[in-house]
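Hydrogens, waters and symmetry mates play no part in the numbers below; they use all other heavy atoms, side chains included. Since we're looking at a predicted model, the values are computed, not measured.
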Amino acid sequence: MPLVDPVTMSSAISKKGNAAGSASKSPVSPSTATATAPATYSLAPVQTKQTPLAQSIRYAHPLLLGGILAARFPALISAVATPVSAMATSILPLTAALQIVYAVICLPGPGGNSGSSSKKSKPRPGEKKKNESGGNNAVITALLSMLLTAFIVPFIYITMVLFGAPLLTHGWHTVLAAAHIAVLGMFPLFYVHGVDASAWAAVGGFKAPLDETFAGWAGSLLGAWLGAVPIPLDWDREWQKWPVPILVGAFGAKPPPPPASELALPETKSHKHYKGFAAGVFSGIAKLAVGHPFDTIKVRLQTSPPSRFSGPLQCLTQTIRNEGLFALYKGATPPLVGWMFMDSVMLGSLTFYRRLVSDNLFHSQPLPAYGHGIAGVMAGATVSFVAAPVEHVKARLQIQYSADKSKRLYSGPIDVLKKVYKFHGIKGIYHGLQATLLFRSWFFCWWGSYDLFSRWMKANTNWSAPLINFWAGGLSAQVFWVVSYPSDVVKQRIMTDPLGGGLNDGTPRFPRWRDAAKAVYREGGYMGYWRGFVPCFLRAFPANAMALVAFEAAMRALPE
């Protein structure tokens, strides 16, 4: 396991299983069992109805949702109308109607799914069994579920504002976008689970099986977030203006229904490395959501003359005043795609290197802290070949200060790659690779200290595993940035240095790493190596802590 020693984890799991087995065999009186054994709720996959009509609508459902958006897309981006009118008068009502039809015909109502291990009450003599499907009961259930969905819209709206949606403008745009996300993702869950607290605890804790309802909810949220990413960079096209990409992402993320055989979730064997790489995807998304605005301020302070910004607060206020709030997410597209892949490579390779170091240097014994550090250096070197071009493109986009896109050298990440490759080839894309390798060699301190913090917290606290992951991840990230920050400043100087040639972006200043290091000292003395450290320090704890929490949660949730 990447963040928990494999030997310790496997022994803990086996002990837990043995304890559970022995407990199940011990005689317990009925009164004792009632008093001490709380009821558990095991959420099973939602089984759709097996009628021909239900199966036909089930498979047509994603296409019909996409068809609604496609049919009204011209009105959505029309220069005459507004997105509000298109969303309110046609897209939202049609989507809600389709969701009701889909739920009534295809999904079981609350209590109609054999997903709970809790006992269901049997009908008393002379009492008819509750109708679980069809008829007036299903329609009433659907209408009540739609009412509950409407109550959720304000909370989704607030969440969107916290993630960067306009607060003082585009109010109805945001409200209607939140309503679409609720209808797409939340309504089927309300219809199936009602207000059962145990079921919603499983859904909210990402412990629900990946059936149609849960996958639709997760897909609509992820799709909406992915759709939001181009907004800060590409306001020059009508279809990319707020909140059109949100809707496109939410509608487009509706997954096709899995075969019925897959809903049983049979236990299958898989390679252990798969979990590390898959969990890294969730880690990258969490890190980007929390940390990118801090990173933008950090990069601008690191690469600008001392006279431009007096400190991080002035940099923040001038950026928002001159370029808008979304300027904080400039360059977000490369890390959105890149960090998911980078964290998958880093954490997945870390899993492999820890096992390699354990087998060959410590003879399969639990790794000491410096063993984790050795594996961290190897993982850092591996991921540098992915990170260097991603961070290079991100940095060049982040230092474009003009609010007028026509005055910028690069219109977006693809444009950066095209122009740099045209005039400088692969070598230009990997500009700053050596500085990246040096910077990531400090992963020794990150993963070594993470192990120390984790061991201490497990031994001296009774905290849960996610809480230990959060604090150990955040504190180890702070250790990493304290020791590595000067090398990051030099790296950013190199990555934002003009490349020259056909790009006509200026004359290169730093042909070697030491040239950039000397320039930093010449301009700001020793304190020049710490310029921009405050936003970096503020970013490091929440971003990396949440990334590690997401990673560990995925590692625990994904099947072996």
Side-chain angles (χ1 to χ4, degrees), residues 41 43-51 53-69 91-116 132-135 137-153 155-156 177-224 247 249-260 262-263 265:
Y41 190 97
L43 200 63
V46 173
Q47 300 288 344
T48 56
K49 299 172 187 176
Q50 299 301 310
T51 64
L53 177 60
Q55 291 301 304
S56 299
I57 293 180
R58 175 173 174 253
Y59 282 95
H61 184 222
L63 297 177
L64 293 173
L65 283 175
I68 291 174
L69 182 65
I91 300 178
L92 183 59
L94 290 174
T95 301
L98 177 60
Q99 290 290 80
I100 291 175
V101 171
Y102 163 72
V104 169
I105 296 178
C106 301
L107 299 177
N113 186 47
S114 58
S116 173
E132 296 174 357
S133 61
N137 287 352
V139 175
I140 293 174
T141 300
L143 295 177
L144 290 175
S145 300
M146 192 60 71
L147 183 61
L148 289 173
T149 303
F151 287 137
I152 295 296
V153 171
F155 297 97
I156 300 178
H180 282 78
I181 294 172
V183 170
L184 289 169
M186 300 298 297
F187 169 74
L189 290 170
F190 277 123
Y191 184 86
V192 169
H193 300 303
V195 292
D196 190 298
S198 300
W200 283 100
V203 172
F206 289 90
K207 295 180 181 178
L210 198 65
D211 53 32
E212 287 188 40
T213 58
F214 182 75
W217 172 70
S220 62
L221 295 183
L222 178 59
L247 296 184
F251 274 83
K254 170 64 179 176
E262 293 183 7
L263 293 179
L265 297 179

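With values rounded to the nearest 0.5 angstrom, Y191 atom OH is found 5.5 Å from T141 atom OG1. Atom CG of L247 and atom CD1 of I68 lie 12.0 Å apart (nearest 0.5 Å). Atom CG of L94 and atom CG of L69 lie 11.5 Å apart (nearest 0.5 Å). Of the inter-residue distances, the one linking L65 atom CG with H180 atom NE2 reads 10.5 Å to the nearest 0.5 angstrom. Interatomic distance, I181 CD1 to W217 CH2, rounded to the nearest 0.5 Å: 12.5 Å. To the nearest 0.5 Å, atoms CD1 (I100) and OG1 (T95) are separated by 11.0 Å.
Classification of the W200-H193 ring pair by plane angle, with boundaries at 30° and 60°, yields perpendicular.
Checked against side chain to side chain contact (heavy atoms under 4.5 Å, CB included), L148 has the following partners two or more places apart in sequence or in another chain: F151, F190, V195. Scored by the ring pair (Phe, Tyr, Trp, His ring centres under 6.0 Å) test, F187 finds no partners at all (sequence neighbours excluded). Here F155 pairs with nothing under the side chain to side chain contact (heavy atoms under 4.5 Å, CB included) rule; sequence neighbours left out.
Nearest heavy-atom pair across C106 and A54 is SG-O, 3.2 Å. Minimum interatomic distance between Y102 and H61 (heavy atoms only, all atoms of both residues): CD2-CE1, 3.6 Å. The minimum heavy-atom distance linking A182 with I156 is given by the pair CB-CD1, 3.6 Å.
E212 places none of its side-chain heavy atoms less than 4.5 Å from the side chain of P188. Side-chain atoms of M146 and V183, non-hydrogen and from C-beta on, do get closer than 4.5 Å to each other. Proximity of K49 to I105: side-chain heavy atoms (C-beta onward) are nowhere separated by under 4.5 Å.
When atom types are taken as modelled, the side chain of Q50 and the backbone of T48 share a donor-acceptor pair closer than 3.5 angstrom.
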